Engineer: 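Pasting a structure below so you can have a look.
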2 protein chains.
Amino acid sequence: MALFLSNVTNKLDKKGRISVPSAFRVAMKEEDFQGVVLFQSNNHQCLEGFAWSTMSDINNRLDHFDMFSDAQDDLATAIFGSAVQLPFDGDGRIILSKNLIDFAGLSDQAVFVGLGSKFQIWNPHDFEKRQDVARKKIQSKKLTLPKSDDQKGEGRS
Amino acid sequence: MALFLSNVTNKLDKKGRISVPSAFRVAMKEEDFQGVVLFQSNNHQCLEGFAWSTMSDINNRLDHFDMFSDAQDDLATAIFGSAVQLPFDGDGRIILSKNLIDFAGLSDQAVFVGLGSKFQIWNPHDFEKRQDVARKKIQSKKLTLPKSDDQKGEGRS
DNA sequence: CGTAATCCCATGATATTCCATAGATATCCA
DNA sequence: TGGATATCTATGGAATATCATGGGATTACG
C-alpha cells in the first residue's frame with residue numbers, strides 16, 4: 001500500500017497544473033489508476049489526497065451501511081460527492097480545478113505533505129502555522145501513538 | 001464495478017437531453033447495457049442512478065427481506081416500480097422525461113453527484129444545501145466509516 | 001400527414017498530450 | 001578527489017484530442 005512521507009513544495013502554474021512529488025508517484029506506481037483522488041478536508045483549509053485503491057476500500061466500507069440509509073447517504077455525499085479523480089499527465093502532474101485552488105487558498109505554490117496512507121496539499125504559509133499548532137498540541141497533551149489496532153470501534157447504524 | 005465520484009454540472013436542453021459526465025460513462029464502459037437506470041429518491045428531491053448490473057445487486061439485497069413482507073413490497077414498489085432505463089445516445093447523453101425533471105425540480109442545469117456505486121442528479125442549488133447538511137451531520141454526529149473488515153477486502157501489498 | 005422521438009454532424013470550449021528547457025542529482029572515469 | 005557526463009525531475013509552452021452542447025435531418029409512429 002502507498003506510503004506518503006515528507007513534504008515537498010512545488011509550483012502551481014497558471015493552468016492549475018502542479019507536479020506531484022516523484023516520491024509520491026513511485027509510492028503509487030502499482031496502482032491500476034495512475035493518478036490521485038483529492039477532496040476538501042473536513043478539518044482544515046487544505047486538500048486531502050489518496051491513491052485510487054484507497055477509494056475502493058472506502059467504498060467497500062460504505063457498502064456495510066444500508067444502501068438507502070441516511071448515514072450511507074451523508075457519508076457518500078461528503079466523501080465521494082466532493083472528491084475528484086485526477087490522472088497524472090505524461091510528466092507526473094495533476095490539474096487542480098479553480099474550486100480546489102480556492103478552497104485551499106493556493107496561489108503560485110503548494111506543499112505536498114505526506115501523512116502515511118494519505119497526503120495533504122497546503123498553502124505553504126498555512127502549513128507552517130499548522131505544523132506549529134500540531135507540535136504544540138502533541139507536547140501539551142502528551143499525545144502518543146495508540147497500540148496497534150486493539151479496539152475496533154464498530155460504528156454500525 | 002462502476003465507481004462514481006466527484007460532481008459535475010451539465011446543461012439540460014429543451015429536449016430534456018443531458019450529457020452524462022464522461023468519467024461516469026467510462027466507469028460503466030464494461031456494462032452490457034450502455035446507459036443508466038434512474039429512479040426517484042426516497043429521501044431527497046433528486047434522482048438516483050445506477051449501472052444496469054447494479055440493479056441485480058439491489059435485487060439481491062431486497063431478497064434478504066421476507067419475500068412477502070410489507071417492507072419488501074414497499075421497497076420493491078418504490079425502487080423498481082418507478083425505475084426507468086435510459087440508453088446513451090451517440091454522444092453520451094440521456095433524455096429525462098418531464099416526470100423526472102419535475103420531481104427533481106430541474107430547470108436548465110443539473111449536477112451529477114458520484115456516490116460510489118450509485119449517483120444522484122440534483123438541481124445545483126439544492127445540491128449545495130444538501131452538501132452542507134451532509135458535512136455538518138457528519139461532523140456533529142461524529143459519523144465515521146467502520147474499519148475495513150479483512151475478510152472482504154482484497155489485500156493488496 | 002403531423003408530431004415526437006431518435007440519430008447525426010458542426011462548433012467552441014476545455015482538457016490532454018507532447019515537446020523543449022533548465023536545474024538538480026547521481027554516476028563514472030581519469 | 002574532482003570534473004565531466006548522464007539521468008531524472010520540475011516547469012513552461014504549444015499542438016492535439018476530447019467533451020459538452022446546439023441545431024438540423026431522418027426515422028418511427030399515431
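By convention in this document, chain letters (A, B, ...) are assigned in the order of the sequence lines, proteins followed by strands, and residues within each chain are numbered from 1. Quantities reported herein were computed from a predicted structural model and do not represent experimental measurements. In what follows, every heavy atom counts, from backbone to side chain, and hydrogens, waters and symmetry copies are set aside.
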Engineer: What is the distance from atom CG of A:L75 to atom CG of A:L62, rounded to the nearest 0.5 Å?
Structural biologist: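 CG of A:L62 is found 6.0 Å from CG of A:L75.
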Engineer: Roughly how far, to the nearest 0.5 Å, is CG of A:N99 from CG of A:L47?
Structural biologist: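 Taking CG in A:L47 and CG in A:N99, the distance rounds to 9.5 Å.
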Engineer: Relative to the ring of B:F119, is the ring of B:F4 parallel (under 30°), tilted (30 to 60°) or perpendicular (over 60°)?
Structural biologist: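 Because their plane-to-plane angle is over 60°, the rings of B:F4 and B:F119 count as perpendicular.
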Engineer: Which residues pass the side chain to side chain donor-acceptor pair (under 3.5 Å) test with A:K98, sequence neighbours left out?
Structural biologist: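 In terms of side chain to side chain donor-acceptor pair (under 3.5 Å), with neighbours along the sequence ignored, A:K98 is linked to A:D102.
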Engineer: Quick one: which protein N/O atoms are closer than 3.5 Å to N/O atoms of nucleotides 25-30 of chain D? Pair and distance per line, please.
Structural biologist:
none

Engineer: Output yes when at least one side-chain N/O atom of B:K14 is less than 4.0 Å from OP1 or OP2 of D:dT21, else no.
Structural biologist: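 Indeed not, no polar side-chain atom of B:K14 lies that close.
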Engineer: Counting primed atoms plus P, OP1 and OP2 as sugar-phosphate and everything else as base, spell out the protein contacts along nucleotides 6-11 of chain D at 4.0 Å heavy-atom distance: B, S or - for each nucleotide, 5' to 3'.
Structural biologist: ---SSB
Engineer: Checking B:D32 against B:W52 for the side-chain contact (heavy atoms from CB on, under 4.5 Å) test, could you report, in this order, the C-alpha distance in whole Å, the side-chain angles of both residues, the deciding distance, and whether it holds?
Structural biologist: CA-CA 8 Å; B:D32 291 337; B:W52 176 254; 5.7 Å; no
Engineer: Output the distance between atom CG (B:L115) and atom CZ (A:F80), rounded to the nearest 0.5 Å.
Structural biologist: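 Spacing of CG (B:L115) from CZ (A:F80) equals 8.5 Å.
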Engineer: Can you tell me how far the CD1 atom of B:I121 sits from the CD1 atom of B:I94, to the nearest 0.5 Å?
Structural biologist: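 Those atoms lie 5.0 Å apart.
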Engineer: What is the distance, to the nearest angstrom, from the CG atom on B:D108 to the C1' atom on D:dT21?
Structural biologist: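 Interatomic distance, CG of B:D108 to C1' of D:dT21: 13 Å.
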Engineer: Please work out if A:I95 contacts a base, only the sugar-phosphate, or nothing of the nucleic acid, heavy-atom cut-off 4.0 Å.
Structural biologist: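 It contacts base atoms.
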Engineer: Tell me whether A:I58 is reachable from A:V37 by hopping between hydrophobic residues (I, L, V, M, F, W, Y) whose side-chain heavy atoms are closer than 4.5 Å.
Structural biologist: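 A:V37 clusters together with A:I58.
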Engineer: Just how far, in rounded Å, is P of D:dG23 from CZ of B:R17?
Structural biologist: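 Distance check: B:R17 CZ to D:dG23 P gives 9 Å.
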Engineer: With heavy atoms of chain A within less than 4.0 Å as the criterion, where does contact along DNA chain C begin and end?
Structural biologist: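 For DNA chain C, the relevant span reads C:dT16 to C:dC19.
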Engineer: Tell me the bend of the helix from C:dC1-D:dG30 to C:dA30-D:dT1 as the angle between end helix axes, each from five pairs, rounded to the nearest 10 degrees.
Structural biologist: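 Rounded to the nearest 10 degrees, the bend comes out at 40°.
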Engineer: Charged N to carboxylate O under 4.0 angstrom, A:K15 versus A:D13?
Structural biologist: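 No, A:K15 and A:D13 are not salt-bridged.
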Engineer: Are B:S53 and B:E31 close enough that a side-chain donor and a side-chain acceptor fall under 3.5 Å?
Structural biologist: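 A pair is found: one side chain offers a donor N or O, the other an acceptor, under 3.5 Å apart.
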Engineer: Using the test salt bridge (charged side-chain N to carboxylate O under 4.0 Å, His left out), find all partners of B:R130 that sit at least two apart in sequence or belong to another chain.
Structural biologist: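 Listed in chain order: A:D73, A:D74.
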Engineer: Counting distance only, does the side-chain N/O of B:S41 pair as donor-acceptor with the main-chain N or O of B:N43 below 3.5 Å?
Structural biologist: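 Flag set: sc B:S41 to bb B:N43 pair under 3.5 Å.
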Engineer: So, B:Q40 versus B:S82: side-chain donor-acceptor pair below 3.5 Å or not?
Structural biologist: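 There is no such pair between these side chains.
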